[in-house]
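All values derive from a computational prediction rather than experimental measurement. Just so it is clear: chains get the letters A, B, ... in the order the sequence lines come, proteins before strands, and each one is counted from 1.
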Amino acid sequence: MLQKPRGTRDFLPDEMEKRRYIEGIMRETSRRWGYREVCTPEFEELELFTIRSGEGIIQEMYVFEDKGGRKLALRPELTAPVLRLYVNEGRSLPKPLRWCYFSDCFRYERPQKGRYRQFWQFGVELIGADTAMSDAEPVMLAGDILKNTGLTFDLHVGHLSFVKKLLEGVDPAMQRTIRMCLDKKDFPALEDLLETNGLPELRESLIALVESRSLAEAFEITGDIPEKSRIEEVFSILDTSGIPYTLNTGIARGLDYYTGIVFEAFAENLGAENQIMGGGTYRLAHLFGGEDTPSSGFAIGFDRVMVALGEVPAGKDLIVGLVIAPGSREWALLVARAFRDAGIRAETDLSGKGIGAQIAQVSRHADFAVIIGAREAECRMVTLKDLGSGEQNEMTVDEAVTEVKRCGACR
RNA sequence: GCCAGGGUAGGGUAGUUGGUCAUCCUAGGGGACUGUGGAUCCCCCGACCCGGGUUCGAGUCUCGGCCCUGGCCCCA
């Protein structure tokens with residue numbers, strides 16, 4: 001038997017309804033902040049993804065050549081495509097641009113809990129603004145979205161300038177290695193690293209910085225830095241907004257295009273892959289042929305959010321099953337139309353069996369049976385049977401629709 | 001790429017020191033049943049992950065692969 005490719009998943013209706021419900025919360029929250037949806041191609045020129053990350057990431061992407069010999073890749077993320085879109089089409093739009101997206105991405109990696117080869121990201125990009133407010137907005141929006149999904153999470157916010165200041169003058173490759181240790185809070189490895197590279201004097205200040213829990217503490221360690229007042233303003237906005245967050249000056253965020261604010265969110269019960277969101281301020285547009293443009297954004301690992309949420313009480317549809325006697329089909333179709341026009345999910349019998357068998361069938365999943373037999377068809381009525389209580393009455397279609405809607409409203 | 005534990009109908013399971021036609025539950029389909037309930041009864045469908053090896057004989061032992069679940073690495 002054919003199987004789905006490794007690291008991919010099928011979704012049955014029950015699960016799709018939950019996913020759409022949560023997705024809807026994310027979309028609606030973004031809409032309320034003024035973020036409008038964009039969509040980019042499922043695949044892009046390979047170069048779009050290697051241009052800043054190097055050839056190394058090719059082995060973790062789905063790369064292929066089309067019939068015209070073009071080197072293409074299934075998108076492994078969405079920030080680069082969205083910025084490419086901005087450079088191609090968005091430069092003459094009034095700034096700032098507030099964009100969001102919800103799309104699938106592909107990475108050729110070893111699957112594990114919360115990590116799949118096809119996965120969905122919900123993200124936003126705020127392009128063309130460079131103020132404390134524009135630094136803070138995506139952080140606040142990310143917190144708002146995650147909160148509205150009902151998730152329990154920790155939001156960590158940091159700024160790259162602190163660590164950069166302490167590592168001034170250190171070889172860039174070494175800086176990255178050090179930042180990775182800080183990100184993981186792997187202090188033994190950090191000590192080793194500093195020791196063997198003749199930088200032992202950094203040990204105390206770096207560890208103190210990462211452990212610091214207030215801006216004042218952090219600035220005490222780094223001394224004055226040019227971005228100080230901007231950073232203070234951003235965090236003061238976050239404080240004023242009431243969003244719960246933790247200062248974390250150790251956040252490294254994988255690659256180097258982040259410029260200032262960086263933030264991440266973590267959920268429980270996710271095992272090793274517990275990061276559900278990451279973002280920051282960055283500069284990318286110039287790499288894709290645009291002007292140097294300040295931007296800021298984040299992406300949420302949608303599948304991880306779904307895993308972390310566990311059971312989601314997806315709103316159950318109220319279901320009406322139409323029980324149709326032979327000869328009443330014409331009237332039944334009109335009745336079905338009336339229910340559907342009223343927004344009610346109505347399913348007609350397909351078996352052609354007897355009334356009793358149809359009711360038995362319908363009662364397995366529907367809330368109401370609408371019985372349309374010869375008697376009802378003749379006088380243009382229906383019999384509405386509440387499958388919960390067993391009560392049934394003959395009435396007009398309008399009355400039946402009203403009655404079902406009334407029940408739907410009070411559930 | 002590495003490590004650990006797994007893989008028997010759609011789901012869940014039994015299978016002895018290797019020995020009929022592989023157990024049971026559930027789900028699914030059909031019927032008993034042409035004006036009223038999810039029941040019951042009957043019938044049907046449906047599996048040893050794949051391949052080599054040992055053996056008279058492999059679901060069982062052995063090796064390799066694939067896949068699943070976690071973890072490491074990485075994580076744009």
Side-chain angles (χ1 to χ4, degrees), chain A residues 1-10 12 44 46 48-61 73-83 105-117 119 121 123 176 180 183-184 186 251-258 262 264 269-280 282 284 287 297-299 301 304 307 321 323-328 349-378 382-394:
Chain A
M1 192 163 47
L2 290 175
Q3 308 211 342
K4 64 188 183 300
R6 179 152 203 212
T8 63
R9 291 155 297 157
D10 296 316
L12 290 167
E44 295 268 2
L46 173 61
L48 175 63
F49 303 112
T50 56
I51 207 164
R52 70 161 196 279
S53 312
E55 306 286 310
I57 57 163
I58 289 179
Q59 59 180 323
E60 281 163 9
M61 283 197 288
L74 298 184
R75 60 186 171 209
E77 50 117 2
L78 283 152
T79 301
V82 169
L83 268 285
C105 302
F106 302 84
R107 293 183 190 175
Y108 192 84
E109 294 181 296
R110 173 96 191 190
Q112 54 187 274
K113 186 169 190 170
R115 173 189 280 191
Y116 309 98
R117 288 181 172 180
F119 59 96
Q121 285 194 338
R176 279 189 66 179
M180 285 181 62
D183 194 61
K184 281 189 248 176
D186 186 349
I251 297 175
R253 301 292 301 144
L255 281 182
D256 307 323
Y257 60 86
Y258 287 99
V262 283
E264 300 176 333
N269 328 320
L270 275 182
E273 301 289 323
N274 67 338
Q275 190 185 328
I276 52 168
M277 184 276 295
Y282 61 89
L284 269 183
L287 289 178
F298 63 83
R304 292 186 188 173
V307 173
V323 171
I324 306 167
S328 305
D349 174 73
L350 303 176
S351 73
K353 291 184 192 168
I355 298 285
Q358 287 190 43
I359 290 178
Q361 177 68 27
V362 152
S363 63
R364 296 170 74 168
H365 75 292
D367 302 285
F368 290 93
V370 170
I371 299 159
I372 302 159
R375 289 205 301 272
E376 288 86 352
E378 195 170 335
V382 300
T383 295
L384 179 68
K385 184 181 184 73
D386 182 329
L387 292 167
S389 66
E391 239 178 279
Q392 71 176 56
N393 289 296
E394 196 165 324

Worksheet item: Is A/R107 near enough to B/C75 that one of its side-chain N or O atoms lies under 4.0 angstrom from OP1 or OP2?
Response: no
Worksheet item: When you compare B/A22 with B/C50, how far apart are their P atoms, in angstrom units rounded to a whole number?
Response: 16 Å
Item to complete: Sticking with atom C1', work out how far B/A14 lies from B/C56, rounded to a whole angstrom.
Response: 27 Å
Practice prompt. Using the P atom as the reference point in each nucleotide, state the distance between B/G29 and B/G10 in Å, no decimals.
Written response: 15 Å
Practice prompt. Please tell me which of the listed nucleotides, B/G71, B/A76, B/U36, lies nearest to the side chain of A/M61?
Written response: B/A76
Worksheet entry | Integer angstrom distance from the P of B/C68 to that of B/U62 | 24 Å
Practice prompt. Identify whether the glycosidic angle of B/U8 places it syn (within 90° of 0) or anti.
Written response: anti
Fill in: Complementary nucleotide for B/U40 - Watson-Crick or wobble, under 3.5 Å
B/A32
Discussion item. Say we look at B/C61 and B/A9: how far apart would their C1' atoms be, to the nearest angstrom?
Written reply: 25 Å
Worksheet item: Can a side chain N or O of A/K4 be found less than 4.0 Å away from OP1 or OP2 on B/C66?
Response: no
Practice prompt. Just name whichever nucleotide pairs with B/G1, Watson-Crick or G-U, keeping both distances under 3.5 Å, else none.
Written response: B/C72
Practice prompt. Please determine, for the side chain of A/S363, which listed nucleotide (B/U36, B/G37, B/A76) has the closest atom?
Written response: B/G37
Item to complete: Mind checking A/Q275 for me? I need base, sugar-phosphate or nothing, with any heavy atom below 4.0 Å counting as a touch.
Response: nothing
Discussion item. Using the side-chain heavy atoms of A/R304, tell me which of these nucleotides is nearest: B/A76, B/C75, B/G28.
Written reply: B/C75
Practice prompt. In whole angstrom, give the distance that lies between atom CD1 of A/I355 and atom P of B/U36.
Written response: 9 Å
Practice prompt. Any chance you could measure A/F49, atom CZ, to A/T79, atom OG1, to the nearest 0.5 Å?
Written response: 10.0 Å
Worksheet item: Is A/Q392 touching bases, backbone alone, or none of the nucleic acid, heavy atoms closer than 4.0 Å?
Response: base
Worksheet entry | Distance in angstrom units between A/D10 CG and B/C68 C1', rounded | 14 Å
Worksheet item: Does a side-chain heavy-atom distance below 4.5 Å link A/Y257 with A/L287?
Response: no
Worksheet item: To the nearest angstrom, how far is A/R115 atom CZ from B/C75 atom P?
Response: 10 Å
Item to complete: Taking atom C1' in both B/U23 and B/G46, compute the distance separating them and give it to the nearest angstrom.
Response: 15 Å
Item to complete: To the nearest Å, give me how far apart CZ (A/F49) and P (B/C75) are.
Response: 17 Å
Practice prompt. Could you please name the option among B/G28, B/A76, B/C74 that lies closest to any side-chain atom of A/R364?
Written response: B/G28
Discussion item. I need the A/E273 CD to A/Q112 CD distance, nearest 0.5 Å.
Written reply: 4.5 Å
Discussion item. If you apply the rule side-chain contact (heavy atoms from CB on, under 4.5 Å), what do you find for A/L387 with A/F368, and how did you get there?
Written reply: CA-CA 5 Å; A/L387 292 167; A/F368 290 93; 5.6 Å; no
Response to the item:
When rounded to whole Å, the NE2 to P distance for the pair A/H365 and B/G28 reads 12 Å
Worksheet item: Mind checking the P distance from B/A4 to B/G64? Whole angstroms is fine.
Response: 12 Å
Item to complete: Answer with base, sugar-phosphate or nothing: what part of the nucleic acid does A/D386 contact at a heavy-atom distance below 4.0 Å?
Response: base
Worksheet item: If you measure from the C1' atom in B/G52 to the same atom in B/C66, how many Å do you get, rounded?
Response: 15 Å
Worksheet item: What is the nucleic acid contact for A/G56, judged by heavy atoms within less than 4.0 Å: base, sugar-phosphate only, or nothing?
Response: nothing
Discussion item. Taking only side-chain N and O atoms of A/Q112, does any of them lie within less than 4.0 angstrom of OP1 or OP2 on B/G70?
Written reply: no
Worksheet item: Rounded to whole angstroms, how far apart are NZ on A/K184 and P on B/C72?
Response: 10 Å
Worksheet item: Is any side-chain N or O of A/R110 closer than 4.0 Å to OP1 or OP2 of B/C67?
Response: no
Practice prompt. Determine, step by step, whether A/E376 and A/T383 satisfy the side-chain hydrogen bond (donor to acceptor under 3.5 Å, both in side chains) criterion, reporting the C-alpha distance in whole Å, the side-chain angles of both residues, the deciding distance to 0.1 Å, and the verdict.
Written response: CA-CA 7 Å; A/E376 288 86 352; A/T383 295; 2.5 Å; yes
Worksheet item: Rounded to the nearest Å, what distance is computed from the CD atom of residue A/E264 to the P atom of nucleotide B/A76?
Response: 8 Å
Response to the item:
For B/C67, the nucleotide meeting Watson-Crick or G-U wobble distances (both under 3.5 Å) is B/G6
Fill in: Six-ring centre of A/F106, A/R117 cation under 6.0 angstrom, axis tolerance 45°
no
Discussion item. Return whichever of A/G114 or A/A374 has its heavy-atom-nearest nucleotide of RNA chain B closer to the 5' end.
Written reply: A/A374
Worksheet item: In whole Å, what is the span from the CD atom of A/Q361 to the C1' atom of B/A27?
Response: 14 Å
Worksheet item: Which nucleotide, B/G37, B/C75, B/G29, lies nearest any side-chain atom of A/E273?
Response: B/C75
Worksheet item: For the side chain of A/E109 and the backbone of A/E60, is there at least one donor-acceptor N/O pair under 3.5 Å apart?
Response: no
Worksheet entry | Touch class at under 4.0 angstrom, heavy-atom based, for A/G278 against every strand present | nothing
Discussion item. Please classify the nucleic acid contact of A/K353 as base, sugar-phosphate, or nothing, using heavy-atom distances under 4.0 Å.
Written reply: sugar-phosphate
Item to complete: For the side chain of A/T383, starting at C-beta, report the closest nucleotide among B/G37, B/C75, B/G35.
Response: B/G35
Discussion item. Surrounding CD of A/E378 (heavy atoms of other residues, nucleotides or ligands, distance under 6.0 Å), is the total greater than 12?
Written reply: no
Worksheet entry | Nearest-nucleotide 5' precedence on RNA chain B, A/A357 against A/G388 | A/A357
Worksheet entry | Sugar-phosphate only, base, or nothing, as touched by A/E376 at under 4.0 Å among non-hydrogen atoms | base
